Enquirer: 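One structure, pasted below without further comment.
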Amino acid sequence: MHQSVLFNEVVEFLRPARGDGTLVDATVGLGGHAEGLLERYPASRLIAIDRDPRALERSRERLRRFGDRVAFVQGRHEQLIEILRQSDIETVSGVLADLGVSSMQLDDASRGFSFRYDAPLDMRMGPDSRSAADIVNTASEEELARILRDYGEEPRARRIARAIVDARPVETTTQLAAIVKSVKRAKPHDIDPATLTFQAIRIAANEELVGLDRFVDDAVSVLEPGARVAVISFHSLEDRIVKRALRRLEGECTCPPGLPVCACGAKKIVTVLTHRPVTATDEEIDRNPRSRSAKLRVAEKVLAGAKEQG
């Protein structure tokens with residue numbers, strides 16, 4: 001059975017602002033968190049969103065016993081406002097987003113997310129994504145280096161980009177991993193040399209960081225007062241965006257230093273409940289090693305009218 005990371009923490013934090021309120025799992029995946037929320041809060045309803053049709057199919061089966069308490073929507077979490085509008089929902093009692101690639105996607109060799117398997121270089125989370133092979137084989141050396149630097153924080157981005165261009169066409173996961181390892185040697189007790197390159201290309205293919213700060217704004221804007229938004233990230237790029245967005249919504253001034261008075265219109269809309277992110281316990285990491293990098297941030301709506309911000 002799929003193990004949802006930080007399961008107990010999410011279920012505790014996302015108690016609905018109203019007992020019979022609507023919760024949103026904006027990245028439902030295999031439905032583990034959604035199942036826990038529906039069991040814990042039996043009067044609530046839930047909207048389950050995912051861009052991956054295969055994930056929706058699996059979560060639909062898992063959550064079938066909850067009947068019409070669950071509505072399933074194929075889409076991206078960045079489309080939250082549009083999805084709620086189509087459902088004639090104005091406010092919700094909680095929003096969850098579990099970002100990044102899912103265990104199901106990583107473990108399906110045919111989808112090309114992992115260098116552990118020899119597979120076509122795909123990495124698409126949904127039908128709206130661009131394939132990793134398309135990026136690797138058509139982007140310029142400069143663009144590849146930018147992707148590796150910005151999305152993977154890869155210190156050897158330029159050398160790896162040059163090696164990829166020289167080796168084209170690159171068609172499989174193992175071929176790409178071998179190219180990276182020809183430039184970047186493995187170090188004892190360190191991550192695999194290909195890890196950051198695969199992360200960067202996956203993020204670019206799926207536009208994972210596009211609109212993330214706006215999603216946090218949108219999620220807060222539809223929360224009822226007292227309701228909460230919870231976001232789980234798995235790498236520093238996502239976590240940094242979420243942290244800054246929540247700080248801004250908590251009223252932190254974003255004006256340049258030296259201004260005599262605040263001009264950014266900072267206003268406290270949420271209270272951040274996790275000034276340090278919640279991370280997995282040693283026991284959870286032992287059970288589920290992928291939880292090691294998970295970081296949970298949660299904020300509670302304190303003021304109606306977040307739509308007016310910005």
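Here the structure is a predicted model, which is why all the values come from computation and not from measurement.
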Enquirer: For E57, is the CD atom crowded, meaning more than 12 foreign heavy atoms sit under 6.0 Å from it?
Expert: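 Count not over threshold, so no.
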Enquirer: What's the spacing between S291 OG and L296 CG if we round to 0.5 Å?
Expert: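 With rounding to 0.5 Å, OG (S291) is 12.5 Å from CG (L296).
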Enquirer: Salt-bridge test for K268 and E252: reply yes if a basic N is under 4.0 Å from a carboxylate O, no otherwise.
Expert: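 Answer for the salt bridge query: no.
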Enquirer: With no hydrogens and no angle check, do the side chains of S93 and E224 hold a donor and an acceptor under 3.5 Å apart?
Expert: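 Present: a donor and an acceptor within the cut-off.
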Enquirer: Working to the nearest 0.5 angstrom, can you tell me the gap between E208 CD and E238 CD?
Expert: 6.0 Å
Enquirer: Got more than 12 heavy atoms from elsewhere within 6.0 Å of CZ, R51?
Expert: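 More than 12 within 6.0 Å, yes.
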Enquirer: Any salt bridge between K184 and E154, counting N to O under 4.0 Å?
Expert: yes
Enquirer: Roughly how far, to the nearest 0.5 Å, is the CZ atom of R244 from the CG atom of L249?
Expert: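 The CG atom of L249 sits 14.5 Å away from the CZ atom of R244.
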Enquirer: Where does the angle between the aromatic ring planes of H77 and F215 fall among parallel (under 30°), tilted (30 to 60°) and perpendicular (over 60°)?
Expert: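 Ring orientation of H77 relative to F215: perpendicular.
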Enquirer: N206 and S129: side-chain donor and acceptor closer than 3.5 Å?
Expert: yes
Enquirer: Is it the case that the side chains of E153 and S236 hold a donor-acceptor pair, with the cut-off being a distance below 3.5 Å and no angle test?
Expert: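 There is such a pair between these side chains.
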Enquirer: Crowded around R240 CZ? As in, over 12 foreign heavy atoms under 6.0 Å?
Expert: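 Atom CZ in R240 is packed in, count exceeds 12.
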Enquirer: Should D50 and R76 be marked as a salt bridge (Lys or Arg N to Asp or Glu O under 4.0 Å) after you check the CA-CA gap, both sets of side-chain angles, and the distance that decides it?
Expert: CA-CA 6 Å; D50 207 285; R76 297 175 58 117; over 6 Å; no
Enquirer: Linking I/L/V/M/F/W/Y whenever their side-chain heavy atoms sit closer than 4.5 Å, directly or via other members, would L273 and V11 fall into one cluster?
Expert: yes
Enquirer: Could R292 and F234 be counted as a cation-pi pair, given that NZ or CZ must be under 6.0 Å from the ring centre and within 45° of the axis?
Expert: no
Enquirer: Give a yes or no on whether a salt bridge exists between E300 and R15, defined as a side-chain N under 4.0 angstrom from a carboxylate O.
Expert: yes
Enquirer: Quiz question: by atom type and distance under 3.5 Å, do the side chains of D52 and Q105 form a donor-acceptor pair?
Expert: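 Indeed, the side chains of D52 and Q105 share at least one donor-acceptor pair under 3.5 Å.
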Enquirer: Can you confirm whether the side chains of R18 and T91 place a donor and an acceptor under 3.5 Å from each other?
Expert: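 The answer is no; no qualifying pair exists.
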